[in-house]
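Residue numbers start from 1 in every chain, and the chains themselves are labelled A, B, ... in the order their sequence lines are given, proteins ahead of strands.
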There are 2 protein chains.
Amino acid sequence: MAIERSKSDLTRTRILDAAARTFRQKGYAATTLNEIARAADMQAGSLYYHFGSKDELLEEVLDIGANKVNDAVRESQERLPPDASHRDRIRAAVDAHLTMLLKHCDYTSANISIFAQIPEEIQRRHLPKRDALAAQWRRILTRAQKAGALRDDVDLSMVRMLLLGALNWSVEWYKPGKTSIPAMADHICLMLLDGIGTENADGRRAEDREAEMV
Amino acid sequence: MAIERSKSDLTRTRILDAAARTFRQKGYAATTLNEIARAADMQAGSLYYHFGSKDELLEEVLDIGANKVNDAVRESQERLPPDASHRDRIRAAVDAHLTMLLKHCDYTSANISIFAQIPEEIQRRHLPKRDALAAQWRRILTRAQKAGALRDDVDLSMVRMLLLGALNWSVEWYKPGKTSIPAMADHICLMLLDGIGTENADGRRAEDREAEMV
DNA sequence: CGGAAATTCTAACGCTCATTCGAAAATTAT
DNA sequence: ATAATTTTCGAATGAGCGTTAGAATTTCCG
């Protein structure tokens, strides 16, 4: 699927890579076609042989980013054994989401960080892709709750928003090398599922907490 | 402190309000002085009687936003009785942070949402204010951990980043009327401190989970 | 009311940007 | 190699931007 055929396709990809990286760093409006062209080793006018406009370039970057994280999360679930625990399912999705966001992909992080500040019409056209990812997460969490792995007195859509917030916001502070993605995934799952408090708010889990102390 | 004196001060505030709102909606680079002026009922050129440049206007909006959330969180702690539980302290800080972000203040949400995409030099000049807020949260969490209210095997700076991520990301999805801020604060504290997983739902023991942590 | 000061308007400037287009160069096919 | 085609270049265009400065207006104060 990702096999480049012609030389033209390679150049297209080079331009898209440059655009994704620059959009992520500077934002959409502040990025000039000159910067993108320079990062792709060509002149600004030459971009128009491959793309019709700056907006068109943006839309393609957004789509690629959304597809990558969608695919990563979906594959993380397909890769699990059928009898995997819901904790493992959530943990795998968190890991896949974070890895795609922070390690592999300027497209994904560009999508996340510039989306709020692009022209409205492009936002609207891109919404279905966002909804697809939301639907994946909704399904993972709903299944876990129905199976009894998540408390049934919580608002799952709010949990989902807060969880995705913790994940997505990492593009604002993550520095490669300083933090490990598996450690992030562990902390997220620990907070989400077990909590990091030791106080006994409702008397539910005193024994577990003692067992967890190191 | 917030008392307006002259008519000029009122106009200044009107301009700042308009700028904060527009920056938040469209981003910094995509916002024109014409839009700000129109939203403040004047002509673009007139803005220069009150502000030296677009950058100067931005810096003032950023500072006001940072101050507001800093003050809100600090006051939320001062308002608590000296013997308040650490759960209550965290809950109060979460509530104050969210309320300022979502309810009271375009300045705060503008600060959060455009910061990554403003000129580098302005970012750098504004960093101390960001650090002040981070320091407040660090103190709240560290005290809770030292008092034994938080597990001592978690990386508090990572917890802080993830928690602030869940809070800050809400500017991207929160719609007034559709969600209640206290309910959000409740869910955050529940997840953070207790977790929403059910006890041994997947048949695994606490020690097993511990083994995965590193 | 009348003059001074404060504030806003208006029109213009220079600059940068996205975009266009015909010529040049590079690549491919014959 | 030569012709045909694809790709890139480079200069030009026009629109819109932040910004400026003087004229026009409003506000303030005696």
Side-chain angles (χ1 to χ4, degrees), chain A residues 3-62 110 114 117-123 125, chain B residues 3-62 110 114 117-123 125:
Chain A
I3 296 174
E4 306 293 347
R5 314 252 275 304
S6 60
K7 177 154 184 288
S8 178
D9 278 346
L10 281 173
T11 307
R12 252 184 88 89
T13 304
R14 210 174 68 235
I15 295 171
L16 286 167
D17 286 349
R21 186 155 18 99
T22 317
F23 285 159
R24 177 172 68 77
Q25 286 168 358
K26 303 213 175 189
Y28 177 63
T31 294
T32 73
L33 291 185
N34 253 306
E35 294 176 287
I36 297 177
R38 185 154 12 96
D41 259 316
M42 48 187 343
Q43 300 294 320
S46 311
L47 298 175
Y48 284 82
Y49 180 77
H50 301 274
F51 299 92
S53 69
K54 190 186 176 188
D55 279 7
E56 203 174 288
L57 192 44
L58 169 65
E59 293 206 58
E60 197 145 346
V61 167
L62 289 178
I114 72 180
Q117 287 149 12
I118 62 180
E120 267 194 63
E121 195 205 337
I122 301 184
Q123 273 188 26
R125 221 191 334 274
Chain B
I3 297 174
E4 308 291 347
R5 314 249 276 307
S6 60
K7 176 155 185 284
S8 177
D9 279 345
L10 281 173
T11 307
R12 251 184 88 91
T13 304
R14 210 174 68 234
I15 295 171
L16 285 167
D17 287 349
R21 186 155 17 102
T22 318
F23 286 159
R24 177 172 68 78
Q25 286 168 357
K26 303 213 177 189
Y28 177 63
T31 295
T32 73
L33 291 185
N34 253 305
E35 294 176 287
I36 297 177
R38 183 154 14 93
D41 259 316
M42 48 188 343
Q43 299 294 320
S46 310
L47 299 175
Y48 284 82
Y49 180 78
H50 300 274
F51 298 92
S53 68
K54 190 186 177 189
D55 280 7
E56 204 174 288
L57 193 44
L58 168 65
E59 293 206 57
E60 197 146 346
V61 167
L62 289 179
I114 71 181
Q117 287 149 12
I118 61 180
E120 268 193 61
E121 195 205 338
I122 301 184
Q123 272 189 27
R125 221 195 329 276

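For the atom pair CZ (B/R24) and CD (A/Q117), the distance works out to 11.0 Å, reported to the nearest 0.5 Å.
Atom CZ of B/R12 and atom P of C/dT8 are 12 Å apart (whole Å). In this structure, the CZ atom of A/R38 is 14 Å from the C1' atom of C/dC17, given to the nearest Å. With rounding to whole Å, B/D41 atom CG is found 15 Å from C/dT7 atom C1'. In this structure, B/Y48 atom OH and D/dG22 atom P are separated by 17 Å, rounded to whole Å. The distance between atom CG of A/L10 and atom P of C/dT27, rounded to the nearest whole Å, is 13 Å. Between the CD1 atom of A/I36 and the C1' atom of C/dC17 there is a distance of 12 Å, given to the nearest Å. Taking atom CD of A/Q43 as the reference point, atom C1' of D/dT8 lies 9 Å away to the nearest angstrom. To the nearest angstrom, C1' of C/dT7 lies 7 Å from NE2 of B/H50.
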Criterion side-chain contact (heavy atoms from CB on, under 4.5 Å) on B/I118 and B/L62, from CA distance to verdict | CA-CA 11 Å; B/I118 61 180; B/L62 289 179; 3.6 Å; yes
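When all heavy atoms are compared, the tightest approach of A/R12 to A/H50 is NH1-O, 3.2 Å. In terms of heavy-atom proximity, A/A110 sits nearest to A/A20 at CB-O, 3.7 Å. A pairwise comparison of heavy atoms in A/I36 and A/I15 identifies CG2-O, 4.1 Å as the closest pair. Here the closest non-hydrogen pair linking B/G27 and B/I114 is CA-CG2, 4.0 Å. Shown here for A/L58 and A/I122, the closest heavy-atom pair between the two residues is CD2-CD1, 3.8 Å. The shortest non-hydrogen separation linking A/K54 to A/F23 is CE-CE2, 4.5 Å.
Between B/R14 and B/D17 there is no side-chain heavy-atom pair separated by less than 4.5 Å. Side chains of A/Y28 and A/D55 form a contact here, defined as non-hydrogen atoms less than 4.5 Å apart. A/E60 places none of its side-chain heavy atoms less than 4.5 Å from the side chain of A/E56.
Set against D/dT8, D/dT19, C/dC9, the side chain of A/T11 has D/dT8 as its closest nucleotide.
For residues 26-35 of chain B, proximity to DNA chain C is found at no residue, defined as any non-hydrogen atom under 4.0 angstrom from a strand atom. DNA chain C is contacted by no residue of residues 54-62 of chain B, taking any non-hydrogen atom closer than 4.0 Å.
Within the 4.0 Å cut-off from OP1 or OP2 of D/dT7, not a single side-chain nitrogen or oxygen of A/S46 is found.
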Return the polar atom pairs (N/O with N/O) between nucleotides 4-6 of chain C and the protein under 3.5 Å, or none.
none

